[in-house]
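Report on the following structure.
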Amino acid sequence: MIFGVGLIGGSVALALKKANHYAPHIVGVGRGGSSLKVALNLGVIDEASDNVEQAIKDADMVLIATPVAQTPDILRAIKPHLTSGTIITDAGSTKSDVLLYAHNILGNLSAQFVGGHPIAGAEKSGVSAASSDLFLNKNVVLTPTDKTQLHAINAVLEMWQNCGAKVTNMTAASHDSIFAAVSHLPHLLAFALVNNLAARPNSDQLFGFAASGFRDFTRIAGSSPEMWRDISLANKTALLSELSAYQTELSSLKTMLENEDGASLQALFERASLARNAWAESNKKIGSID
């Protein structure tokens with residue numbers, strides 16, 4: 001059973017169908033509309049429903065693949081219909097808030113909830129962009145607690161492995177700290193740069209001369225504003241810490257420029273270049289760069 005049959009939810013469904021030994025009957029749940037009809041027509045899901053009670057009746061696992069802000073309402077909707085054998089997991093980009101939602105809303109049933117975050121994406125969104133290979137060799141982070149049932153962890157682990165993913169366990173706090181640095185902060189920086197340039201009187205001229213460097217740096221500023229609003233607020237504490245660290249780095253860079261300190265500038269650029277190229281090469285070997 002999948003809430004949110006878009007890029008992520010749809011790709012999970014397709015990947016599980018491709019793994020012939022693990023081809024469950026997949027029910028897509030939503031508020032109706034065209035997206036579920038498209039998912040049905042594409043063969044992504046086997047059944048569509050807007051009736052949570054009916055859809056969850058025989059479900060072994062519930063995957064919440066909606067924006068994180070929708071998670072509390074979904075948990076409240078499914079709670080009355082959960083059995084002791086129903087496993088719940090999610091695919092949200094923040095984890096401390098989601099685990100807190102599960103604890104507060106599900107109570108003892110939160111032991112059946114396994115927080116998850118697939119590190120994968122695509123240029124386009126929606127179920128039409130879903131792919132059975134989206135998670136192939138990609139990282140998935142699970143954030144079980146010391147109270148999470150072992151069989152629930154193993155079931156979610158198996159699901160992601162059948163999608164072709166590499167699965168790592170860590171605490172929710174560690175997850176949120178890491179992704180504040182390597183995902184959430186870069187998105188904020190891209191949004192801020194584009195917003196700054198767009199607000200200038202000569203924005204048309206600036207964008208007219210922008211080329212590949214600008215395109216590469218700002219690509220993620222084309223992401224969903226609603227989703228990144230929710231992620232930013234959900235991971236506020238870790239993100240504020242990363243923003244402060246980045247501001248310190250910018251201040252240091254500004255001082256180097258003011259002092260015309262070419263040696264320090266070059267040293268900084270060389271360290272960054274070496275680190276970035278090493279990261280790119282290591283990911284290239286295992287096919288992890290989108």
Side-chain angles (χ1 to χ4, degrees), residues 1-6 8-9 11-13 15-16 22 24-30 49 51-120 135 139-163 165-179 227 230-231 233-235 238:
M1 176 178 176
I2 299 176
F3 283 90
V5 189
I8 299 298
S11 295
V12 169
L16 296 181
Y22 192 84
H25 180 83
I26 298 175
V27 180
V29 182
S49 177
N51 186 317
V52 172
E53 181 179 2
Q54 186 65 31
I56 204 172
K57 185 176 180 181
D58 298 313
D60 298 312
M61 183 180 295
V62 177
L63 170 63
I64 302 173
T66 62
V68 170
Q70 297 179 26
T71 301
D73 287 341
I74 292 172
L75 292 176
R76 293 188 189 98
I78 66 174
K79 182 183 178 182
H81 315 296
L82 294 174
T83 70
S84 59
T86 312
I87 296 165
I88 316 105
T89 187
D90 81 308
S93 297
T94 54
K95 295 274 68 82
S96 295
D97 57 332
V98 170
L99 292 189
L100 186 60
Y101 295 149
H103 174 76
N104 290 342
I105 296 170
L106 299 181
N108 291 335
L109 293 173
S110 64
Q112 300 165 214
F113 182 91
V114 183
H117 179 198
I119 318 305
F135 309 109
N139 288 309
V140 169
V141 176
L142 301 184
T143 58
T145 71
D146 56 1
K147 295 181 180 179
T148 308
Q149 296 173 356
L150 182 59
H151 79 92
I153 299 171
N154 289 336
V156 176
L157 169 66
E158 181 182 7
M159 181 195 75
W160 284 115
Q161 288 177 334
N162 278 290
C163 291
K166 301 177 297 180
V167 183
T168 302
N169 287 0
M170 65 177 66
T171 66
S174 293
H175 168 278
D176 291 351
S177 177
I178 289 170
F179 287 94
M227 180 180 75
D230 293 344
I231 290 173
L233 293 174
N235 204 20

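For the single chain, residues carry numbers from 1 onward in sequence order.
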Q: Over all heavy atoms of both residues, which pair between G28 and V5 is shortest? Give the atoms and the distance, please.
A: CA-CG2, 3.7 Å
Q: May I ask you to test the T148-D146 pair for a side-chain heavy-atom distance under 4.5 Å?
A: no
Q | Separation of I56 CD1 from I78 CD1 (nearest 0.5 Å) | A | 5.0 Å
Q: Look at the side chain of N235 and the backbone N and O of I231, then say whether any donor-acceptor pair between them is shorter than 3.5 Å.
A: no
Q) Do K57 and H81 come within less than 4.5 Å of each other through their side chains, counting heavy atoms only? A) no
Q: Evaluate the side-chain proximity of V156 to L142: yes if any heavy-atom separation is below 4.5 Å, no if none is.
A: yes
Q.
The test is side-chain hydrogen bond (donor to acceptor under 3.5 Å, both in side chains); show your working for S96 and D176 and say whether it passes.
A. CA-CA 7 Å; S96 295; D176 291 351; 2.8 Å; yes
Q: Work out which heavy atom in P144 is nearest to a heavy atom in N169; give both atom names and the distance.
A: CG-ND2, 4.0 Å
Q: Would you give the length of the straight line joining atom SG of C163 to atom CD of E158, rounded to the nearest 0.5 angstrom?
A: 10.5 Å
Q: Could you give me the CA-CA distance, side-chain angles and deciding distance for F179 and H117, then say whether ring-ring contact (aromatic ring centres under 6.0 Å, His included) is met?
A: CA-CA 10 Å; F179 287 94; H117 179 198; 5.1 Å; yes
Q) If you measure from NE2 on H175 to OG on S93, what distance do you get to the nearest 0.5 Å? A) 7.0 Å
Q.
Quick check: closest heavy atoms across S110 and A102, and the distance to 0.1 Å?
A. CB-O, 3.4 Å
Q) Would you call I64 and L75 a side-chain contact if the rule is heavy atoms closer than 4.5 Å? A) yes
Q: Considering non-hydrogen atoms only, spot the tightest contact between D230 and A69 and give its length.
A: OD2-CB, 3.3 Å
Q) Looking at T89 and M61, what are the two nearest heavy atoms and their distance? A) CG2-SD, 4.3 Å
Q. Say you draw a straight line from CH2 of W160 to OG1 of T168; how long is it, rounded to the nearest 0.5 Å?
A. 13.0 Å
Q) Side-chain donor-acceptor pair under 3.5 Å between S174 and T171, yes or no? A) yes
Q: Starting at CG of D90, measure out to CD of Q70 and round the result to the nearest 0.5 Å.
A: 12.5 Å
(Q) Are the side chains of I153 and H151 in contact, using a 4.5 Å heavy-atom criterion? (A) no
Q) Do other residues, nucleotides or ligands put more than 12 heavy atoms under 6.0 Å from D60 CG? A) no
(Q) Could you tell me if the side chain of K166 sits less than 4.5 Å from the side chain of V140, heavy atoms only? (A) no
Q) Where is the tightest heavy-atom contact between D97 and A234, given as atom of each residue plus distance? A) OD2-CB, 3.2 Å
**Q.** Main-chain N/O of I8 paired to S11 side chain as donor or acceptor, under 3.5 Å
**A.** no
Q: Starting at CD1 of I87, measure out to CG of L82 and round the result to the nearest 0.5 Å.
A: 11.5 Å
(Q) Within the 4.5 Å heavy-atom criterion, are L99 and F113 side-chain neighbours or not? (A) yes
Q: Please check if the side chain of Q112 supplies one atom and the backbone of T86 the other of a donor-acceptor pair under 3.5 Å.
A: yes
Q. Under a 4.5 Å cut-off applied to non-hydrogen side-chain atoms, are M1 and F3 in contact?
A. yes
Q) CG of N108: more than 12 outside heavy atoms within 6.0 angstrom? A) no
